Participant: 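One structure, as structure tokens, below. Some questions next.
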Amino acid sequence: MASTSAKVSIGSLFSVLLVLIAFYFNQNGHSDFEQRLEETLNGLLRAEKKVSLSYKPKVAVGFGSCQDLFVHSKDVLLFNPPPKIPEHFHSISTQDELLKVFAYFFRHGAAAERYIKNETLFKEVLELASRANDVHWAIGGNAPVMAARFAKEGCDVLLGAQMTKGLKQFLPDEVIISGPFTEEDDIHILLEYLAGERWGPYLASRANRFIVHNDHSNPHLMSIHGFVKHLETFNPNLLVVGGLQMMDNFPFQPQLRREKLMQVSEICSRLPQDTKVHFEMASFTEEALLHDIVDLIIPFADSLGMNEQELPNFYHILKYGNVTLISEATPRVATVLDQMRDVFDILQETWKRSGQRKLTRLHVHTLAFQAIMTEKDSSWKNTMSAAAKAALTAHRHTCGSHRIDTAKAKLILDDAFTSSLRNDAKRIPVKSSRPVSCWDEGDREVCVAPVLVCTEVLQTGGGGDNISSAGLVFQI
Ligand SMILES: *[C@@H]1O[C@H](CO)[C@@H](O)[C@H](O)[C@H]1NC(C)=O
Ligand SMILES: *[C@@H]1O[C@H](CO)[C@@H](O)[C@H](O)[C@H]1NC(C)=O
Ligand SMILES: *[C@@H]1O[C@H](CO)[C@@H](O)[C@H](O)[C@H]1NC(C)=O
């Protein structure tokens, strides 16, 4: 009896296999999924080519800078026994805490960034990291990475950052730097890991990084005075504010942090209305800081950019007043769009009451797709092409190559998705020939572009900055 059923199941397994093989390869020997990748790539490239800059936009980007040290976590942490219980710490004092908080994010494949308040510990980690194999140094911090990308895309750029003369050499010459020039750069260590990597019982579901730092200059926004001086004559089309997460859990004198943030909001409030303001979200964990940002910075932003972890976190702060540290690493389109709709609604309500700037653009970058929501009668242009460019940039950055090889890519987004988890959901097909899906929702336009997810990841850190700026360039 047992052997008959075994035969039956082997026989049916065989026929299922045959069907699968037949399905997998079409007539010309390409698998369907290879063809879908090629078509999607060509579609995204066509969408990207549709737009060329008709003028040289002026973009001012603040604040801060650092040296990024990219290292593989296995060379710094993973040879330690994994902690039995992962645990979150807002800032890190001991090796034990470092391992626990790293494990906390690693097992979810979630990006995060934390302050190491113990300088001795930080130096030990740095020492270990700099001696590892395959390390590389690059200019880091949201502002310089975004500034470099804007410059590469043909913009005139003013960067609000302190840095050493040595670090300046990593930036394109034409970027104007507010200064001051310093003797030492803050250093960030980017502990990268790959999808499917194991550490004892923990498995990373996607490639990502955990960043640690022990900044002195960045939390104080050292560059702000020089930046303000340049800003008046520079007269930008777009001001991008980022890097404020360096204040997260930094031991400030009471009130000092809020004063710094008020200086930023003053800068924004003095800008003419036709200078757009974009705020780049980051890995914030300190509720008090996020509340200050919601009070002092968000009301001055026309546009926001964030990733799949930062969106739920921001949404929770707006809706419930508390933070969420970890969210789904590869969320569904419907979930992301619903949260984007709510963020838009909440902030536009606030705007109606307090009347600073109205949020008219929201860009969320995730591993599998890029989503951009804009208000139709705003000045943001080319949302479809911007989503395509953001998707292409995501691949180019993580794979480390401008030219995209579909052999190193996969699609996570299915051939259709649901637009919402609510009653009025639509089923939106993803056509490989026209991969970016755009539709209207009342006053808003929504565009979703599939990402050709890089399967041979070189780096993840800095991805969000490149992606956000690449999207913005087409829209100003
Ligand atoms: C700081 O780190 C060093 C090196 O890991 C450690 O010996 C020391 O106990 C730590 N200090 C505190 C206050 O945790
Ligand atoms: C945040 O607050 C909401 C509503 O009070 C609650 O449901 C949620 O569990 C809280 N989240 C955290 C992380 O504390
Ligand atoms: C992203 O920015 C960094 C720093 O400017 C740069 O090294 C990297 O090549 C950029 N990625 C892409 C895709 O341009």
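Only this structure's heavy atoms are used, side chains among them; waters, hydrogens and symmetry mates stay out. Just so we're clear, the structure is a prediction, and the values are computed from it rather than from any experiment. Just follow the structure's listing: the first ligand is 1, and inside any ligand the first atom is 1.
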Participant: Under a 4.0 Å heavy-atom cut-off, which residues neighbour ligand 2?
Facilitator: Tyr320, Asn322, Val323
Participant: Please check whether Thr120 reaches ligand 1 - meaning an N/O of the residue sits under 3.5 Å from an N/O of the ligand, judged on distance alone.
Facilitator: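 Among all N and O atoms of Thr120, none is under 3.5 Å from an N or O of ligand 1.
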Participant: Relative to each other, are the rings of His365 and His363 parallel, tilted or perpendicular (30° and 60° limits)?
Facilitator: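 Rings of His365 and His363: perpendicular, over 60°.
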Participant: Can you name the atoms of ligand 3, numbered from 1 with element, that are less than 4.0 Å from a heavy atom of Ala148?
Facilitator: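 Once the distances to Ala148 are compared, the set is 5 (O).
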Participant: Assess the side chains of Ser327 and Asn313: does a donor N or O sit below 3.5 Å from an acceptor N or O?
Facilitator: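 No donor-acceptor contact under 3.5 Å links the two side chains.
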Participant: Tell me, do Arg332 and Thr418 make a side-chain contact under 4.5 Å, heavy atoms counted?
Facilitator: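 Yes, close enough: below the 4.5 Å cut-off.
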Participant: Mark up the atoms of ligand 3 that fall under 4.0 Å of a heavy atom belonging to Arg396, in ascending order.
Facilitator: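 With Arg396 as reference, the close atoms of ligand 3 come out as 13 (C).
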Participant: Does the N or O separation between Thr393 and ligand 3 drop below 3.5 Å for any pair?
Facilitator: no
Participant: Give the contacting part of His402 toward ligand 3: side chain, backbone, both or neither, where contact means a heavy-atom distance below 4.0 Å.
Facilitator: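 It is neither part, as no heavy atom is under 4.0 Å.
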Participant: Any luck finding a side-chain donor-acceptor pair between Ser469 and Arg149 under 3.5 Å?
Facilitator: no
Participant: Using a 4.0 Å cut-off to any heavy atom of Thr94, which atoms of ligand 1 qualify?
Facilitator: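 Checking each atom against Thr94, I get 14 (O).
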Participant: Do you see a donor-acceptor pair shorter than 3.5 Å between the side chains of Ser65 and Asp185?
Facilitator: no
Participant: For Asp338, give me all partners under side chain to side chain donor-acceptor pair (under 3.5 Å), at least two apart in sequence or on another chain.
Facilitator: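 Asp338: side chain to side chain donor-acceptor pair (under 3.5 Å) contacts with Arg341, Ser420.
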Participant: Show which atoms of ligand 1 fall inside a sub-4.0 Å distance from at least one heavy-atom site of Glu124.
Facilitator: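 It comes down to these atoms of ligand 1: 4 (C), 5 (O).
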Participant: Is it the case that Arg107 places NZ or CZ above or below the six-membered ring of Tyr104, under 6.0 angstrom from the centre and within 45 degrees of the axis?
Facilitator: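 Output yes; distance and angle both within limits.
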Participant: Counting each atom of ligand 3 from 1 as listed, which ones have a heavy atom of Asn466 under 4.0 Å away?
Facilitator: 1 (C), 2 (O), 3 (C), 10 (C), 11 (N), 12 (C), 14 (O)
Participant: Counting heavy atoms only, which part of Asn118 comes closer than 4.0 Å to ligand 1: side chain, backbone, both or neither?
Facilitator: side chain
Participant: Can you list the residues that meet the ring-ring contact (aromatic ring centres under 6.0 Å, His included) rule with Phe314, with sequence neighbours excluded?
Facilitator: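 Once residues adjacent in sequence are excluded, Phe314 has no partner under the ring-ring contact (aromatic ring centres under 6.0 Å, His included) criterion.
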Participant: What residues, two or more places apart in sequence or in another chain, satisfy ring-ring contact (aromatic ring centres under 6.0 Å, His included) together with Phe106?
Facilitator: Phe102, Tyr193
Participant: Which residue, Leu98, Ile92, Thr94, forms the side chain to side chain contact (heavy atoms under 4.5 Å, CB included) with Asp96?
Facilitator: Thr94
Participant: I'd like to check which ligand 3 atoms, numbered from 1 as shown, lie under 4.0 Å from a non-hydrogen atom of Val145.
Facilitator: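 Answer for ligand 3: 2 (O).
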Participant: Does an N or O anywhere in His397 fall below 3.5 Å from an N or O of ligand 3?
Facilitator: yes
Participant: Would Phe250 and His220 count as a ring-ring contact (aromatic ring centres under 6.0 Å, His included) if you check the C-alpha gap in whole Å, the side-chain angles of each, and the deciding distance to 0.1 Å?
Facilitator: CA-CA 10 Å; Phe250 184 77; His220 290 288; 5.3 Å; yes
Participant: For ligand 1, find out whether one of its N or O atoms is nearer than 3.5 Å to an N or O atom of Gln95.
Facilitator: no
Participant: State whether Phe181 and Lys168 meet the cation-pi test: NZ (Lys) or CZ (Arg) under 6.0 Å from the six-membered ring centroid, and within 45° of the perpendicular axis.
Facilitator: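 No, cation not above the ring by the 6.0 Å, 45° rule.
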Participant: Can you tell me which residue among His213, His90, His188 is in a ring pair (Phe, Tyr, Trp, His ring centres under 6.0 Å) with Tyr115?
Facilitator: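 Checked His213, His90, His188 against Tyr115; only one passes ring pair (Phe, Tyr, Trp, His ring centres under 6.0 Å): His213.
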Participant: Of all the atoms in ligand 1, which lie at a distance below 4.0 Å from a heavy atom belonging to Ser93?
Facilitator: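 Numbered from 1, ligand 1 contributes 1 (C), 10 (C), 14 (O).
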Participant: Could you tell me, atom by atom, which parts of ligand 3 come under 4.0 Å of a heavy atom of Arg149?
Facilitator: 12 (C), 14 (O)
